[in-house]
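Just so it is clear, the values below take in all heavy atoms, side chains as well, and ignore hydrogens, waters and symmetry mates. As the structure is a prediction and not an experimental result, all values here were calculated from the model.
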Amino acid sequence: MYKKERFTKELQIDKFVKMYFDPELTLQKCRTCTGYAKTWSCPDFDFNVRNYWRQFSVYRVIVDRVSMEGVASPKEAEERLAYEKPIFNRQMLALEKSTPGSVALYAQECEECQECARLIGKPCRLPETMRYSIESLGGCGIRLVEDLFEFGVCWSDGTTIPAYYILLGGLLKK
Ligand code: SF4
């Protein structure tokens with residue numbers, strides 16, 4: 001059994017936009033990703049991301065820190081994270097449903113369909129389930145986590161096993 005800890009903090013959207021909103025930087029990083037523009041949850045978008053944040057007044061930041069204890073290889077660590085990601089995202093959606101006027105933020109890109117409809121030029125098949133991630137909307141997730149909580153984000157160079165991985169998401173509230 002491994003450890004999974006949840007950390008939560010609320011941030012005013014004004015403060016978020018001022019300190020952590022940098023769409024030029026995040027877009028630059030997204031463009032280097034192999035999944036860039038391959039799902040409807042990824043940029044580029046046909047809407048203004050700044051205006052998207054501005055619809056809300058509070059961001060409830062939610063982070064799950066998933067320990068990698070007992071993991072035997074970097075691949076196994078990735079698999080543990082991949083197992084936890086949909087659980088986390090389902091929980092964000094459940095929170096949204098129980099919080100009127102809110103919208104969930106997921107960890108990472110949407111993986112609801114085996115092959116995203118964007119790849120064949122069709123609209124999203126599950127708009128009621130698909131949600132964006134903070135990074136896709138121009139938020140600097142790493143800096144946000146480091147500033148709000150007493151830990152950073154861990155990486156693997158493909159050979160090392162990190163102490164933990166994080167899942168970052170949350171809830172945007174009116
Ligand atoms: S729900 Fe399916 S179609 Fe919509 S963004 Fe996710 S993978 Fe793509």
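Two residues are said to be in side-chain contact when any heavy atoms from C-beta on lie closer than 4.5 Å; Arg118 and Lys38 fail this criterion. Inter-residue side-chain proximity for Tyr36 and Asp44 is flagged as met; some heavy-atom pair is nearer than 4.5 Å. Contact check for Val66 versus Phe88: no side-chain heavy atoms found under the 4.5 Å cut-off. The side-chain heavy atoms of Val49 and Phe21, taken from C-beta on, include a pair separated by under 4.5 Å. Val103 is not listed as a side-chain neighbour of Tyr132, based on a closest heavy-atom distance of 4.5 Å or more. Counting heavy atoms from C-beta on, the side chains of Ile87 and Leu167 never come closer than 4.5 Å. Annotation: side chain of Tyr59 is in contact with side chain of Leu144 (closest heavy-atom distance under 4.5 Å).
In summary, Glu111 and Lys85 engage in a salt bridge, as defined by a charged side-chain N under 4.0 Å from a carboxylate O. With respect to the salt-bridge test (charged N to carboxylate O, under 4.0 angstrom), the residues Lys75 and Glu79 qualify.
Both Leu11 and Phe151 belong to a single network of hydrophobic side chains, linked directly or stepwise wherever heavy atoms of I, L, V, M, F, W or Y lie under 4.5 Å apart.
The aromatic rings of Tyr52 and Phe56 are tilted relative to each other, their planes meeting at an angle between 30° and 60°. A parallel orientation is assigned to the rings of Phe45 and Phe47, their planes being inclined by less than 30° (bins at 30° and 60°).
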- Take Lys4 and Glu84, measure what salt bridge (charged side-chain N to carboxylate O under 4.0 Å, His left out) needs, and give me the verdict at the end. CA-CA 9 Å; Lys4 188 163 67 171; Glu84 292 292 343; 2.6 Å; yes
- Given Gln108 and Leu81, is the side chain to side chain contact (heavy atoms under 4.5 Å, CB included) satisfied, shown in steps? CA-CA 11 Å; Gln108 306 169 356; Leu81 185 70; 3.9 Å; yes
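Here Arg131 contributes atom CZ and Leu93 contributes atom CG; the two are 5.5 Å apart, rounded to the nearest 0.5 Å. Here the CD atom belonging to Glu109 is positioned 12.0 Å from the CE atom belonging to Met130, to the nearest 0.5 angstrom.
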